Every structure is written in C-alpha cells, then in structure tokens.
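Convention: sequence-line order gives letters A, B, ...; per-chain numbering from 1. All values derive from a computational prediction rather than experimental measurement.
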Protein chains: 2
Amino acid sequence: MTVIDSNPVKSPPVDVCVVAGTDHPRPDGQDRYTIREVAEYTGLRAHTLRWYEEIGLMPHVERSHNGQRLFSNRDLDWLTFVRRLRLTGMPVADMVTFAELVRQGEATFDERREILEQTRREVVTRIAELQDTLTVLDAKIDFYAGARRASERD
Amino acid sequence: MTVIDSNPVKSPPVDVCVVAGTDHPRPDGQDRYTIREVAEYTGLRAHTLRWYEEIGLMPHVERSHNGQRLFSNRDLDWLTFVRRLRLTGMPVADMVTFAELVRQGEATFDERREILEQTRREVVTRIAELQDTLTVLDAKIDFYAGARRASERD
DNA sequence: TAGGACGTTCAAGTGCACTTGAAGCAAGCG
DNA sequence: CGCTTGCTTCAAGTGCACTTGAACGTCCTA
C-alpha cells in the first residue's frame with residue numbers, strides 16, 4: 001500500500017489512540033526517550049524523526065548535555081497524532097501548517113478546528129469510497145469464485 | 001444487480017475480468033472513444049492513459065487507420081476498475097501484475113481472486129483505521145469547540 | 001585505551017506516479 | 001494554402017516523502 005502503511009508497529013503494552021495530551025503510560029514510566037526508542041515506539045525511522053523536526057513538523061525537542069535529542073511523552077502524543085493524520089492522506093506540508101498553528105497558541109484554536117473539520121469531511125468521503133470499492137471487489141471475487149465452481153468438473 | 005450495460009451484444013461471462021463495471025453514464029451509446037474523451041470521462045490525463053498503456057496497465061487498445069487510439073467501453077470499464085484499485089492504495093506495479101494475469105486468461109482466475117481477496121482485507125483494515133481516526137478527530141474538534149478559555153494543549 | 005554502539009549534521013539519492021516538453025504527423029476549416 | 005487542433009512517440013523533469021550516505025562526535029564496556 002502506497003498511502004502510508006498500517007505498519008505493524010511493535011506496540012508497547014499501551015493504547016496508542018491518544019486523544020489529547022493527557023497522561024498515558026509509556027513504554028516505561030519515564031518522560032525522556034532517545035530517538036531510537038521513539039523510532040521503535042512510533043514505527044518511524046530515526047532519520048525520519050530528524051527530518052520531521054527539520055521541516056517544522058515537531059515542536060521543539062529537548063537536547064541532552066551532549067546534543068542528543070530527548071523526546072517527551074508530549075512529543076510521543078504529537079507523533080501519534082501525526083501518524084494518524086498521515087493515514088488520512090494529509091500531505092506533510094499541511095501538517096506543518098497545523099504544527100505552526102499549534103506553536104502560535106490558543107489564538108489559533110478556531111483555525112485548527114476548521115482544519116480538523118475539513119479533514120474529518122475528507123475522511124468520511126474516503127471511507128465511503130472504500131466501502132464502494134469493497135462492493136466492487138466482492139462482486140469480482142464472487143465472479144471468480146463462481147467461475148471456479150463452474151469449471152470444477154475436470 | 002451489478003451493472004454493465006456496456007455491451008449490448010454481450011456473451012456469457014466467459015471472458016475478461018469485467019464483472020462490476022460502473023454506474024456512470026457513458027459519453028454516448030457508442031463503443032469508440034478518442035483519448036481525449038476517455039481523459040474527460042475518467043479524469044485521467046491523456047498522457048497518463050498513454051503511460052498506462054506503455055507500462056502494461058491497459059489491455060491492447062485499438063488504433064484508427066492513422067494510428068490514433070480508439071478506446072472501447074470495455075477499456076472504460078477497466079479504467080474505472082483501475083481507478084478504484086488506485087484508491088485503495090494498490091501500487092501501479094501490482095495493478096500491472098493483475099493486468100498481466102487478466103491477459104493470461106481464465107487459467108489465472110484463482111490467482112486473481114486471491115489478489116482481490118487480499119486487497120479486500122487491506123481495504124477493510126484501512127476503513128477501520130479511518131474510523132478510529134474519525135474518533136480522534138472528533139475528540140479534538142470537540143476540544144477546540146469547547147475550549148476558548150482552556151490552557152493550551154496541542 | 002580501543003572498539004563498538006549509538007548519536008549528530010549536511011547533502012545527495014531513491015522510488016513512485018505521474019507530468020511536461022520537444023518534435024512531428026494528419027485532418028478539418030476559412 | 002496556411003492555421004489550428006489533436007493526436008503521435010520518446011525522453012526528460014517534477015513533487016512528494018522519505019532514505020541513504022559520508023564524516024564525525026560521544027558514551028560505555030572490556
């Protein structure tokens with residue numbers, strides 16, 4: 001599948017469907033993760049995480065005394081949400097726009113809501129399309145299955 | 001019933017994989033379309049249609065006396081199906097593989113059915129993911145709608 | 001103190017699915 | 001006849017979302 005895989009992310013003993021930034025238990029109880037840990041947790045590659053930061057898709061990520069990234073639980077929440085948005089087909093550029101609004105604070109609540117409402121509409125449309133596709137696939141599968149039965153007198 | 005008024009003079013379902021066609025009205029009642037008409041009908045660009053043929057994603061397309069492509073209703077059905085498959089996220093390369101199986105005739109019915117069944121499973125998964133995403137979006141939209149005074153979150 | 005694992009930056013490369021361009025032929029119209 | 005429109009082929013270019021590579025730094029264990 002081209003459109004972002006539904007990667008079997010090795011899932012920690014945790015629910016991933018984060019809704020808001022509330023406290024979710026994480027791989028361990030802490031709040032500081034290396035890029036490697038985050039890569040494992042999110043299913044994204046370390047390079048991709050750095051690239052996300054570079055293009056402005058991540059809020060500021062802390063650094064350790066020697067310059068290594070230290071991701072927080074909040075970062076994990078954000079990445080989980082980003083992964084969901086990607087899943088809907090939203091382009092990375094649009095997510096960067098959204099991230100910028102988040103950085104601008106509460107003043108952009110309305111704008112953010114509008115974006116998410118638009119995204120919601122697109123997701124609904126997409127689900128409908130996929131359901132239609134399911135119908136088409138079923139018809140074809142039936143056809144092939146029927147043709148097979150018809151020739152089962154060999 | 002699943003469609004296809006395509007061929008007025010149609011014989012038994014012995015042939016290609018044209019089972020579920022489209023419910024779109026055809027440009028007219030005929031069976032010969034220029035690349036431009038097909039582009040308009042399918043929403044694909046003429047160049048893309050030529051490229052599809054080039055990579056083996058189209059069955060043989062007829063040509064006029066002077067070399068211009070003449071698409072048939074069957075070609076239109078195929079393109080509609082291709083569009084659906086693309087919608088599911090299936091890579092073009094995989095669709096080419098499927099097209100090759102179609103070219104090989106009835107002997108590949110089973111294999112084709114398996115591919116479509118796999119695709120079906122993927123579509124079902126994707127729909128579930130999108131529905132989860134809807135839940136997440138709704139929660140965030142509610143948050144933004146309900147919180148004018150709340151402290152900043154994400 | 002040497003090795004290896006893991007991290008860093010900057011830059012170039014990859015794969016996919018088209019998209020655009022260049023050059024040319026053929027038909028139809030004023 | 002010349003012009004426009006619309007097709008043809010072959011080839012190179014584009015945009016997106018990473019991905020890979022090179023060169024180097026730092027920490028831990030042996």
Side-chain angles (χ1 to χ4, degrees), chain A residues 1-7 9 27-28 30 32-58 60-72 75 78-79 81-99 122, chain B residues 27 32-58 60-72 75 78-99 119 122:
Chain A
M1 291 269 203
T2 302
V3 193
I4 307 335
D5 52 309
S6 20
N7 240 331
V9 179
D28 37 42
Q30 61 176 36
R32 294 284 168 276
Y33 309 98
T34 65
I35 201 165
R36 151 174 268 266
E37 287 168 328
V38 176
E40 265 163 27
Y41 178 71
T42 60
L44 297 164
R45 306 193 45 187
H47 267 98
T48 304
L49 291 169
R50 288 189 203 104
W51 178 69
Y52 275 8
E53 190 180 337
E54 187 188 326
I55 63 174
L57 189 46
M58 284 297 297
H60 176 73
V61 176
E62 249 191 281
R63 298 297 181 118
S64 71
H65 65 96
N66 62 339
Q68 295 191 194
R69 285 170 183 80
L70 291 176
F71 292 79
S72 66
D75 295 330
W78 173 251
L79 283 168
F81 181 53
V82 161
R83 226 176 74 82
R84 279 229 167 269
L85 287 185
R86 285 292 300 120
L87 208 69
T88 69
M90 181 185 285
V92 167
D94 290 4
M95 301 196 306
V96 170
T97 303
F98 190 86
E122 286 164 8
Chain B
R32 294 283 169 278
Y33 310 97
T34 65
I35 201 166
R36 149 173 268 266
E37 287 167 329
V38 176
E40 266 163 26
Y41 176 72
T42 61
L44 297 164
R45 308 193 43 185
H47 268 98
T48 303
L49 291 168
R50 289 188 204 103
W51 178 67
Y52 274 8
E53 190 181 339
E54 187 187 326
I55 63 173
L57 189 47
M58 286 294 300
H60 176 75
V61 176
E62 249 190 282
R63 299 295 183 119
S64 73
H65 65 96
N66 63 339
Q68 295 190 194
R69 285 171 184 79
L70 291 175
F71 292 80
S72 66
D75 294 329
W78 173 250
L79 284 168
T80 302
F81 181 53
V82 160
R83 228 175 67 84
R84 280 227 165 270
L85 286 186
R86 286 291 300 121
L87 209 68
T88 69
M90 182 186 285
V92 167
D94 290 5
M95 301 196 308
V96 170
T97 303
F98 190 86
T119 302
E122 285 163 7

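Of the residues near DNA chain C, B:Ala93 and B:Gln68, the one whose nearest nucleotide (by heavy atom distance) lies more toward the 5' end is B:Ala93.
Within residues 46-57 of chain A, the residues that place at least one heavy atom under 4.0 Å from DNA chain D are, in residue-number order, A:His47, A:Thr48, A:Trp51, A:Tyr52.
An OP1 or OP2 oxygen of D:dC7 is reached within less than 4.0 angstrom by a side-chain nitrogen or oxygen of B:Thr34. An OP1 or OP2 oxygen of C:dT9 is reached within less than 4.0 angstrom by a side-chain nitrogen or oxygen of A:Arg63. Here B:Arg69 reaches the OP1 or OP2 of D:dT9: one of its side-chain N or O atoms lies under 4.0 Å away. Phosphate proximity of C:dC18 to B:Arg45: absent, as no side-chain N or O sits under 4.0 Å from OP1 or OP2.
The minimum heavy-atom distance linking B:Met90 with B:Asp94 is given by the pair CG-CB, 3.6 Å. The minimum heavy-atom distance linking B:Tyr52 with B:Leu44 is given by the pair CE2-CD1, 3.8 Å. Between A:Leu57 and A:Trp78, the shortest heavy-atom distance links the atoms O-NE1, 2.5 Å.
Within the structure, every pair that satisfies the salt bridge (charged side-chain N to carboxylate O under 4.0 Å, His left out) test and touches residues 38-51 of chain B, not counting sequence neighbours, is listed here: B:Arg36-B:Glu40.
A donor and an acceptor atom, one from each side chain of B:Asp75 and B:Ser72, are located under 3.5 Å apart.
Here the straight-line distance linking atom CZ of A:Arg63 with atom CZ of A:Arg69 works out to 4.0 Å at 0.5 Å rounding.
Note: CD1 (A:Ile35) to P (C:dG7) measures 7 Å, nearest angstrom. To the nearest angstrom, P of C:dA5 lies 19 Å from CG of A:Asn66. Computed from coordinates, the B:Leu87 CG to C:dA17 P distance equals 14 Å when rounded to whole Å. In this structure, CG of B:Leu70 is placed 13 Å from C1' of D:dT8, rounded to the nearest angstrom. As a whole-Å value, the separation of B:Asp94 CG from C:dC16 C1' is 12 Å. The interatomic distance linking A:Arg86 (CZ) with D:dC16 (P) rounds to 12 Å, in whole Å. The CE-C1' distance, from A:Met90 to D:dA17, rounds to 16 Å in whole Å.
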